2 protein chains.
Amino acid sequence: MPPSERKKPAAENDAAVPKAVVNRLSLYLRELQHLVAAGSATTSSGQLGQKLGFTDAQVRKDLAYFGQFGYPGVGYRCDELIEAIRGILGTNRHWPMAIVGIGNLGRALLGYKGFSHQGFRIVAGFDADASKIGKSIEGVEIFDIAELTNVVQQRQIKLGVIAVPAAAAQQVADQLVAAKVLGIVNFAPVTITLPEHVSHVGVDLAIEMEQIAFAVVNRLSGG
Amino acid sequence: MPPSERKKPAAENDAAVPKAVVNRLSLYLRELQHLVAAGSATTSSGQLGQKLGFTDAQVRKDLAYFGQFGYPGVGYRCDELIEAIRGILGTNRHWPMAIVGIGNLGRALLGYKGFSHQGFRIVAGFDADASKIGKSIEGVEIFDIAELTNVVQQRQIKLGVIAVPAAAAQQVADQLVAAKVLGIVNFAPVTITLPEHVSHVGVDLAIEMEQIAFAVVNRLSGG
DNA sequence: ACATGTGAAAAAATTCACAGCA
DNA sequence: TGCTGTGAATTTTTTCACATGT
């Protein structure tokens with residue numbers, strides 16, 4: 001019998017969960033999946049923390065936001081903790097998603113293998129370039145961006161990924177919001193403005209490089 | 001006369017600068033460059049913060065880690081602050097870099113236009129696949145990964161980008177370290193272990209999607 | 001008048017340290 | 001014994017609020 005929620009109804013309105021905690025949760029999940037692939041059945045906060053560069057207390061405190069998942073004196077059963085974290089993150093559900101902008105980055109995202117394991121399925125691509133429309137790339141149909149609202153509704157798309165140039169990003173974001181996606185990941189190097197009820201995450205490849213440059217210039221090893 | 005450093009020698013050993021501060025610095029820089037492109041000569045902590053969703057005090061405190069860059073009663077001169085931040089981040093230098101792994105993502109990175117504006121120049125690609133070696137993609141020569149050490153030294157490559165499958169990432173990281181790169185950006189979905197003196201940043205596309213899933217499931221709008 | 005820069009206060013996140021259970 | 005879960009202490013980060021400079 002898994003101790004899934006000996007106390008807390010997993011993600012109650014207790015307190016706002018810091019974004020950093022959610023990010024670490026994803027790292028724990030990734031590490032747990034590697035552990036299972038390597039044949040481990042159980043692990044501990046100490047082992048998990050060591051692999052990722054966190055303290056054992058941090059691992060336990062992070063999990064404590066959501067419930068009690070371990071066995072005192074023993075540790076955590078990997079498969080149970082994986083399922084618990086997937087439930088918390090929502091990656092045990094199906095997430096139909098669309099990529100908008102089929103340039104170099106858009107194509108790379110269409111072919112990325114890592115999404116399917118966490119419930120993300122790319123069910124449409126969009127572009128304004130007539131030479132791409134109607135084609136199928138990596139098994140995904142590419143539509144005219146003018147069809148976005150229709151296709152998002154027909155295919156029940158919940159998440160949109162913006163991979164267009166900066167100048168077009170806000171307009172694409174507006175179209176995705178109008179089509180009623182629930183969340184947006186923005187790869188364009190610009191800040192987009194969205195209504196409160198639409199979640200978003202921004203990823204800027206140049207900014208990641210800038211972080212490494214700073215770390216090097218200041219001789220830091222941080223990750 | 002810019003007030004560049006009325007007090008602090010920009011990035012002294014005062015105190016460790018939080019990673020979150022450095023990340024926001026990159027966002028300020030991006031926003032300032034958009035402001036200049038839009039014709040603004042000056043801005044203020046309030047305006048900058050509003051565009052990015054931070055308070056004015058936060059913007060000022062972040063900059064205060066590195067010196068005094070503003071004019072009381074006036075604000076900041078965009079061009080001066082841009083140069084100051086570029087100096088802090090180190091993006092006013094030249095950063096020869098290499099992409100290891102010329103799959104979908106590697107190719108997208110080779111063609112990414114956003115790097116050159118911040119001093120990053122891709123001067124080599126590496127792959128183990130004989131059909132790619134010797135070719136030129138997006139104007140970048142692709143070498144056999146066995147040549148990594150030689151090429152890194154010949155071309156004075158300072159940063160390495162890992163875009164290989166998870167199973168090969170640690171080995172590639174070790175090769176980059178042996179070739180004496182100063183920093184590594186890892187796109188493989190695995191935690192890599194590096195010596196203390198090599199800086200690193202990890203970017204996992206699936207984890208970014210997981211963050212959006214969590215935000216949606218918990219009806220958050222955070223970015 | 002207006003916006004910076006900065007001590008002081010407040011809030012948040014992390015680490016400590018130990019009771020309790022397997 | 002070994003490891004979790006968690007209050008308490010500590011450290012870090014953010015916000016406040018105002019003296020200072022233009």
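Bear in mind the structure is a predicted one, so any value in this text is a computation, not a measurement. These numbers come from the heavy atoms of this one structure, side chains and all, not from hydrogens, waters or symmetry mates.
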Q: Measure the distance from CG on B/D62 to C1' on C/dT6 and round it to the nearest whole Å.
A: 14 Å

Q: Would you tabulate the nitrogen or oxygen pairs shorter than 3.5 Å linking the protein to nucleotides 9-12 of chain D?
A:
none

Q: Tabulated below should be each protein N or O lying under 3.5 Å from an N or O of nucleotides 20-22 of chain C; please produce it.
A:
| residue | atom | partner | partner atom | Å |
| --- | --- | --- | --- | --- |
| C/dA22 | O4' | A/P72 | O | 3.1 |

Q: By side chain to side chain contact (heavy atoms under 4.5 Å, CB included), which residues pair with A/A179, not counting sequence neighbours?
A: A/L148, A/T149, A/V152

Q: Using only side-chain N and O atoms of B/Y76, determine if any of them is under 4.0 Å from OP1 or OP2 of C/dG5.
A: yes

Q: By nearest atom, which of the nucleotides D/dA8, C/dA17, C/dA13 is closest to the A/A57 side chain?
A: C/dA17

Q: Pull out every residue in residues 35-51 of chain B that has a heavy atom closer than 4.0 Å to any atom of DNA chain C, ordered by number, or say none.
A: B/S44, B/S45

Q: Rounded to the nearest Å, what distance is computed from the CD atom of residue B/Q68 to the C1' atom of nucleotide D/dA19?
A: 14 Å

Q: Tell me whether the OP1 or OP2 atom of C/dA3 has a side-chain N or O from B/R77 closer than 4.0 Å.
A: no

Q: Counting only side-chain nitrogens and oxygens, does B/Q58 get under 4.0 Å of the OP1 or OP2 atom of D/dT15?
A: yes

Q: Taking all non-hydrogen atoms of both residues, which atom of B/P189 and which atom of A/H34 are closest, and how far apart?
A: O-NE2, 3.2 Å

Q: Distance check needed: D/dT4 C1' versus A/L81 CG, whole Å only.
A: 12 Å

Q: What residues form a salt bridge (Lys or Arg N to Asp or Glu O under 4.0 Å) with B/D79, not counting sequence neighbours?
A: B/R77

Q: Can you list, pair by pair, the side-chain donor-acceptor contacts under 3.5 Å of residues 118-125 of chain A, counting residues two or more places apart and other chains?
A:
| residue | atom | partner | partner atom | Å |
| --- | --- | --- | --- | --- |
| A/Q118 | OE1 | A/R86 | NH1 | 3.0 |
| A/Q118 | OE1 | A/T91 | OG1 | 3.4 |
| A/Q118 | NE2 | A/Q33 | OE1 | 3.1 |

Q: Rounded to whole Å, please give me the gap between CG in B/L63 and P in D/dT14.
A: 13 Å

Q: Going by the side chain to side chain donor-acceptor pair (under 3.5 Å) test, which pairs reach into residues 156-169 of chain A, not counting sequence neighbours?
A: none

Q: So which heavy atom on A/T193 is nearest to which on A/D174, and how close?
A: O-OD1, 4.4 Å

Q: Restricting to non-hydrogen atoms, name the atom on B/G114 and the atom on A/A206 that form the minimum distance, rounded to 0.1 Å.
A: O-CB, 3.9 Å

Q: Crowded around B/Q50 CD? As in, over 12 foreign heavy atoms under 6.0 Å?
A: no

Q: Applying salt bridge (Lys or Arg N to Asp or Glu O under 4.0 Å) as the test, list every pair that has at least one member in residues 43-60 of chain B; sequence neighbours left out.
A: B/D56-B/R60

Q: Who are the side chain to side chain contact (heavy atoms under 4.5 Å, CB included) partners of B/R93, not counting sequence neighbours?
A: A/V217, B/W95

Q: Output, in order, the C-alpha distance, side-chain angles, deciding distance and verdict of side chain to side chain contact (heavy atoms under 4.5 Å, CB included) for A/F187 and B/L205.
A: CA-CA 11 Å; A/F187 283 90; B/L205 300 179; 3.8 Å; yes

Q: If you fit an axis to the five pairs at each end of the helix from C/dA1-D/dT22 to C/dA22-D/dT1, how big is the angle between those two axes, to 10 degrees?
A: 10°

Q: Roughly how many Å is it from NZ in A/K19 to P in C/dA13, rounded to a whole number?
A: 11 Å

Q: Donor-acceptor pair, distance only, cut-off 3.5 Å: does the side chain of B/E80 make one with the backbone of B/F69?
A: no

Q: Report yes if at least one side-chain N or O of B/R60 is closer than 4.0 Å to OP1 or OP2 of C/dG5; otherwise report no.
A: no

Q: How long is the line joining CZ of B/F66 and P of C/dT4, in whole Å?
A: 18 Å

Q: Write down the distance between CG (B/D56) and P (C/dG5), rounded to a whole number of angstrom.
A: 12 Å

Q: In chain order, what residues pass the side chain to side chain contact (heavy atoms under 4.5 Å, CB included) check against A/V36, with sequence neighbours excluded?
A: A/C78, A/I82

Q: Which pairs count as salt bridge (Lys or Arg N to Asp or Glu O under 4.0 Å) when at least one residue sits in residues 199-212 of chain B, sequence neighbours excluded?
A: A/R30-B/D204

Q: How long is the line joining CZ of A/F69 and P of D/dT4, in whole Å?
A: 14 Å

